[in-house]
Amino acid sequence: MLQRLTTFSVTALSISVLSTFTMMGCATSANSPEEDVQIVAQSPSAQVTAMQTSATENQAFVELLATIWSYEQGEGDSVQEKLAELPDISPAYKAQRAAQFKAYLDQVKAFPDSTLSIQEQISKTMQIYRLQNYVDEYQYQEYLVPITSEYGFHSSMLNLAYRFDFSQLSEYQRYIDTMRLIPDNFAQQIAYMRQGMAIGKVQPKVVMQGFEESVAAIITTEPQDSQFFQPFKNLQQNFPNADPAILESILSDAKKVIKEDVNNAYQAFYDFLVNAYIPQAKTDIAAKTWPNGAAFYNNRIKHYTTLDLSAEEIHNIGLQEVARIRGDMQKVLNTLDYKGSINEFIDFLRTDPQFYADSPEALLKHAMYLSKRIDALLPKLFKNLPRTPYGVAPVPDSIAPKYTTGRYISPRNDTEPGYYWVNTYALDKRPLYALPALTLHEAVPGHHLQISLAKEMQDLPKVRQNTYISAFGEGWGLYSEYLGKEVGFYETPYDEFGALSYEMWRACRLVVDTGMHMFGWTRQQAVDYMLENTALSEHNVNTEIDRYISWPGQALSYKLGEIKIKELRQKAETELGEDFNIREFHHAILEYGSVPLAVLEVNIERFIEQKKKR
């Protein structure tokens, strides 16, 4: 039996960073006599020298972050590399990038915290976090497994067209030229997967069943039916004054490239999956059975949660949360005067047609309605709202069968909105009572609001605007579901139960993810545990379990992040009493962008102290 834990605490990613933040957050506390004497005795020239040194250090730090970002984005690449548009994924280039990221990591760590402002210290921590992950991913050879149960390089390639500005006719030819590179890109990815097969670093066979269909769905008999042809469909209407012969040549080239290069690349990947990869995939499901697997899983725990917690500690926190939430579920049943058990009620929710939409359009319309309802309630909770809009759209058909129930998709450029994706596949597995909580999590006040506000902080370095810390972002998403209850968003007891089921879903993740990857749980054991404790449909449970198996550790971030945010809110409410303001608290949570939980804790402690002084 695993020992139960009653509490857990956040440990800083860097003790020096945390201690510096704490000291600066309590800047008005009295210095010791020795410190006072030292400061007063400092000569004017020494003070000027210190200020100049700090300013020089700060400028060098800012320039280093800009250099790193430029390198990440390939802004130093040659003209030929820029024209190619597809990244270099060769072994030599991967090794070169990993070495450069390690060198940058050492440079960033060398900056003394004492020379940096609070914002710069956070930027330092964020840059270290991002660089360390690049180094770790290379060390643990994650590139040998470039697919999960629901996604992969083949599906991400469908976004290729978004890299081009099709308001210019020349961009169509560049797009065609880039599509010609897809076969070589896929061949290298397959080579990595074969390398993984040779050392036992492959996905489990059970999560690969049916995966090949997501590849087959992209291959079309007629090129004009391909998703890659989409930008060409309005070519002639968009350029009515262009030479018809040029337009016809572009269309002919596009069809030829899709038929001969794109389709053949996808067919080769399909054949590889069916004939080699899936038959030889591993039979167990645990990440710890990969080469250096236990160390890899512990590394992913640290990356996704930003906490110094063991798999055992996380497993036990999950067990505690599951027990607590079942108690809250029973309270909802009591309000309905339901005489059966929680599990009988869950079976009723899963099988009664009243809880399901009768068409994809009806499900999307309900999601849109809920999105507009919560939009109107946001001013009650927030001082600042993002300028970037969002839309509601279905999960693409090619990936929907094995895809999660919903997801937020960030804007690809400044001319695009964000999107709240809703899965309309298998409507009898998409309950309406769960849609309010899903909307709060994926759209607003969850991912769209948090990510958009971070991207709109133009005074922050790019690493701060564009780094997503899962524990913060997913913790915020789950906390956003909790906010629905406070503003009366859940209109029926069924909606409330749906929200509790979603919270239970995230609590169960702590148990099943660690259980499967570190403690010998079988897939069926994990499925049964989720079916026993959540109102998710059996289809959803199976796709979710496969996701956790194929993406080790990521699912741990949601509940642990939410626990920390609620813990900090309770601290602020207790210490500030009547002076606590929910809009100000949320501003304090979000004002520095996505940050590790240790940094968030110090930020809120500083907010509390500053509020007390007013």
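None of these values were measured; they are calculated from a predicted model. These numbers come from the heavy atoms of this one structure, side chains and all, not from hydrogens, waters or symmetry mates.
Applying the salt bridge (charged side-chain N to carboxylate O under 4.0 Å, His left out) test to Glu150 and every residue at least two apart in sequence or in another chain returns Arg407. Residues that satisfy the side chain to side chain contact (heavy atoms under 4.5 Å, CB included) test with Ala265, not counting sequence neighbours, are Ile182, Pro183, Phe186. Arg130 pairs by the salt bridge (charged side-chain N to carboxylate O under 4.0 Å, His left out) definition with Glu72, not counting sequence neighbours. For His448, the side chain to side chain donor-acceptor pair (under 3.5 Å) criterion is met by Tyr408, Ser452, not counting sequence neighbours. Listed by chain and number, the residues in a salt bridge (charged side-chain N to carboxylate O under 4.0 Å, His left out) with Asp352 amount to none (sequence neighbours excluded). Residues passing the side chain to side chain donor-acceptor pair (under 3.5 Å) test with Thr405: none are found, sequence neighbours excluded. For Ser398, there are no side chain to side chain donor-acceptor pair (under 3.5 Å) partners at least two apart in sequence or on another chain. Annotation: salt bridge (charged side-chain N to carboxylate O under 4.0 Å, His left out) contacts of Arg300 (sequence neighbours excluded): Glu142.
Within the structure, the salt bridge (charged side-chain N to carboxylate O under 4.0 Å, His left out) test picks out no pair touching residues 418-439 (sequence neighbours left out). For residues 511-537, every residue pair satisfying the salt bridge (charged side-chain N to carboxylate O under 4.0 Å, His left out) rule, not counting sequence neighbours, is listed here: Arg523-Asp546. Residues in residues 471-481 take part in these salt bridge (charged side-chain N to carboxylate O under 4.0 Å, His left out) pairs, two or more places apart or across chains: Glu481-Arg506. Within the structure, salt bridge (charged side-chain N to carboxylate O under 4.0 Å, His left out) pairs that include any residue of residues 553-563 comprise Glu321-Lys559, Glu503-Lys559, Lys559-Glu562, Glu562-Lys566 (at least two apart or interchain).
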